[in-house]
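Chain letters run A, B, ... following the sequence lines, proteins first, then strands; residues in each count from 1.
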Amino acid sequence: MLEVRQLTKHFGDIKALDQLSFRAEDGQITGILGPNGAGKTTALRVLYGLLKTETGSAQVDDIDVAKEPLAARRKLGVFPDKFGLYERLTAFEQIAYFAGLHGLTGNAGKAATQAIIEKLSLQDIAHRRTQGFSQGQRMKVVLAQALVHQPQNFVLDEPTRGLDVMSTRILRQQLRDLRDAGHCILFSSHVMQEVAALCDQVIVVAQGRVVAAGTPEQLCEQTGQTQLEEAFVALIGSDEGIAA
Amino acid sequence: MNSVFQTLLYKEIIDAMRDRRALMGALLYALFGPVILASALNFAIANKEDDKAIYIDIKGAEYAPVLVEKLAQQHILPLGSGAADDEERWREQPITLEIPETYRANIEQAKKVSLSLWINTAEEGRNSANQRVKAALQQYGNELATYRLVLRGIDPHLLAPYSVDIKDHASAQEKSGMVMGMLAVFVLMSVFVASTSIAIDTSAGERERNALELILIQPITTTQLIGAKLIAVSLLGSLGAFLTLCMTSLVMGFVPLAKMGIGFELNALTIITITLAMLPLAIFAAAFQLFCAFQAKSFKEAQSYISLTIMVPLTIPFAVQFMPHKPDWVNWVPVASQSGLIESIAKGQEIDWLSIGTGAMLTLLLAAILAGWLTRTLKSEKAILALS
């Protein structure tokens, strides 16, 4: 479970977060949809414990992130928007490195790494250096390193940006499997189709505020629109910064 | 050491050791320094050989055949008397001796003769030749004076109330001062040069490749992260110093240092001692370079900052050399302290362990301050916002 309450944050004169609150439940895929600059990345960075806010708090499974950032991060798996792989490490070493950072070293680390490699069918590239990997292969390695410690909560920041169709399909299937296994999945996106295709819950963010939250159907109802796209436009007030 | 720190350290070291470009750079430098040193010494030795002929232009040689003969006995020959190959380097702007027409008459009447010697003191390579010509002229002048005194029935010793016999108690090893000074600079430089590539790669490079943010949101502390990077980078710096010392030991075998009266030996024990003494400096260099690279906004900017850090091992010993009075604290300054130690070890002088120890502590303290400051910076909002 992931929750932020009443987050307010300024960067200079700019209000990045304005009393932002939302909750992502276990066993659900929750999407944060908002235009570029709406405060999605800032909110996630607060959730990771990288940024401090002026008001409010963030919680990962009842752990206050500001008070115990390391404990909170142990329960998080993060899939970043840009895949920064260590090109001189093999895929196996890269995944084992992240396992080690979560305390899985020695045989436990090897076993966890081997298990996720098999689960994501990475065996054929596991012992190759990641330099020269295709975008799809990179995505799988990043996914494996985020899930190697079997986190209860999984956060994705703009996950399908720059991915090809096959990689996107694999990723979506993984997310559905994790949801069905009872994990909490939160992902931020500015791509409407993606949110509509995957999410059980949608949180619409604009100018640092939650402007609406609910299932896709509820959002349509709330705005009196039949199409999800029209509902978003009605909620945000413009279609600027949103990709169809 | 906890398991997370071990993981971080292991990855940093593996990553550094597989960075072929960085390793080649460190290796090349380790090779380059000693080879330059050896060839400079070889050149100096070749120039120093006293019995080698010097060719000078003698104007009016016909007025003073005895003087010319006396110079020839000292291997100072008139241009045009030797092989063209040997004379070549003396032909351009030659050392010129002008003998006046009145030479013979004045010598016979024991009158003063004015000789002119044209030399160029700005030309460093000719300094020893200039000295030899001056000394040869002086020697023949003294000889003439002695004859004149004897002819007048005067004991020539009256002109020399005492004689000074200079005895140099510097050992052959101590005379190697210049070599040691150069070696010290090369070793100090190697600590900084060997670690630059990896310092940039693991800091600004990691940030530019979008790997840093993901690491910062793992359950690790910034202190652990910086600590691991610091150790990996300083390992490479120490490796650079070690390789430079090994190469020096090897290459110096080919230089006939004994001809210069220099005794030089770099044995395994000395190499190990110097390498160990370089450890605090390597940690300082790593902290300084990581600090500079993390402050930079981009990889390129980091490269230009870091190339400035290489000036540190050059400027500090240089500044110390030119200090008129060396206060005690100078020996504690990072870089100066280590430079002094290398010279003492290599010259076989007694080592002032107190000031070396103080120097090492001070070096480590400065490194710790830099690392602490860097850790704080990396946690700051500004650093986080610069991540993307």
Participant: To check you understand the geometry: which heavy-atom pair defines the closest contact between A:Gly84 and B:Ala211, and what is its length?
Facilitator: O-CB, 3.6 Å
Participant: Is it the case that more than 12 heavy atoms not belonging to B:Leu308 sit under 6.0 Å from its CG atom?
Facilitator: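 Correct, the count exceeds 12.
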Participant: Could you check whether atom CD of B:Gln303 has more than 12 heavy atoms from other residues, nucleotides or ligands sitting under 6.0 Å from it?
Facilitator: yes
Participant: What part of A:Tyr97 is in contact with chain B, defined as an atom under 4.5 angstrom from a non-hydrogen atom: side chain, backbone, both or neither?
Facilitator: both
Participant: Between B:Ile384 and A:Arg45, what is the shortest heavy-atom contact and its length?
Facilitator: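 The pair with the smallest heavy-atom distance is O-NH1, 3.5 Å.
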Participant: Under 6.0 Å from the CZ atom of B:Phe242, do we count more than 12 heavy atoms belonging to anything else shown?
Facilitator: no
Participant: Answer whether the closest heavy-atom distance between the side chains of A:Arg88 and B:Asp201 falls below 4.5 Å.
Facilitator: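 With C-beta onward as the side chain, the pair touches.
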Participant: So does A:Asn107 have more than 12 non-hydrogen atoms from other groups sitting under 6.0 Å from CG?
Facilitator: no
Participant: Charged N to carboxylate O below 4.0 Å: is that the case for B:Arg18 and A:Glu93?
Facilitator: yes
Participant: Considering all heavy atoms of both residues, which atom of A:Leu101 and which atom of B:Gln218 are nearest to each other, and what is their separation?
Facilitator: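 Shortest heavy-atom separation between A:Leu101 and B:Gln218 comes out as CD1-CG, 3.8 Å.
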Participant: Roughly how far, to the nearest 0.5 Å, is CZ of A:Phe83 from CG of B:Asn210?
Facilitator: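 It is 10.5 Å, given to the nearest 0.5 Å.
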Participant: Ignoring hydrogens and angles, tell me if any N or O in the side chain of A:Arg73 forms a donor-acceptor pair with the backbone of B:Leu216 under 3.5 Å.
Facilitator: yes
Participant: Above 12 or not: heavy atoms from other molecules or residues under 6.0 Å from CD of A:Gln114?
Facilitator: yes
Participant: In this structure, which one of A:Val155, A:Leu47, A:Leu44, A:Leu50 forms a side-chain contact (heavy atoms from CB on, under 4.5 Å) with B:Ile217?
Facilitator: A:Leu50
Participant: Got B:Pro219 and A:His102 here, is their nearest side-chain heavy-atom distance under 4.5 Å?
Facilitator: yes
Participant: Relative to chain B, which segment of A:Leu89 carries a heavy atom at a distance below 4.5 Å: side chain, backbone, both, or neither?
Facilitator: both
Participant: As an exercise, state the distance from OH of A:Tyr48 to CD of B:Glu213, rounded to the nearest 0.5 Å.
Facilitator: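 Spacing of OH (A:Tyr48) from CD (B:Glu213) equals 7.0 Å.
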Participant: Any side-chain heavy-atom pair from B:Ile215 and A:Phe98 closer than 4.5 angstrom?
Facilitator: yes
Participant: Rounded to the nearest 0.5 Å, what separates atom CD1 in B:Ile220 from atom CG in A:Leu70?
Facilitator: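 Answer for the CD1-CG pair, B:Ile220 versus A:Leu70, is 8.5 Å.
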Participant: Report which part of A:Gln145 has an atom under 4.5 Å of a heavy atom belonging to chain B: side chain, backbone, both, or neither.
Facilitator: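 Side chain only.
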Participant: Below 4.5 Å from any heavy atom of chain A, which atoms of B:Glu206 appear? Answer side chain, backbone, both or neither.
Facilitator: side chain
Participant: Near B:Tyr10 OH, under 6.0 Å, is it more than 12 heavy atoms from other residues, nucleotides or ligands?
Facilitator: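 No, because the 6.0 Å sphere around OH of B:Tyr10 holds 12 heavy atoms or fewer from other groups.
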Participant: Taking side chain as everything from C-beta outward and backbone as N, CA, C, O, which of these in A:Lys9 sits under 4.5 Å from a heavy atom of chain B? Side chain, backbone, both or neither.
Facilitator: side chain
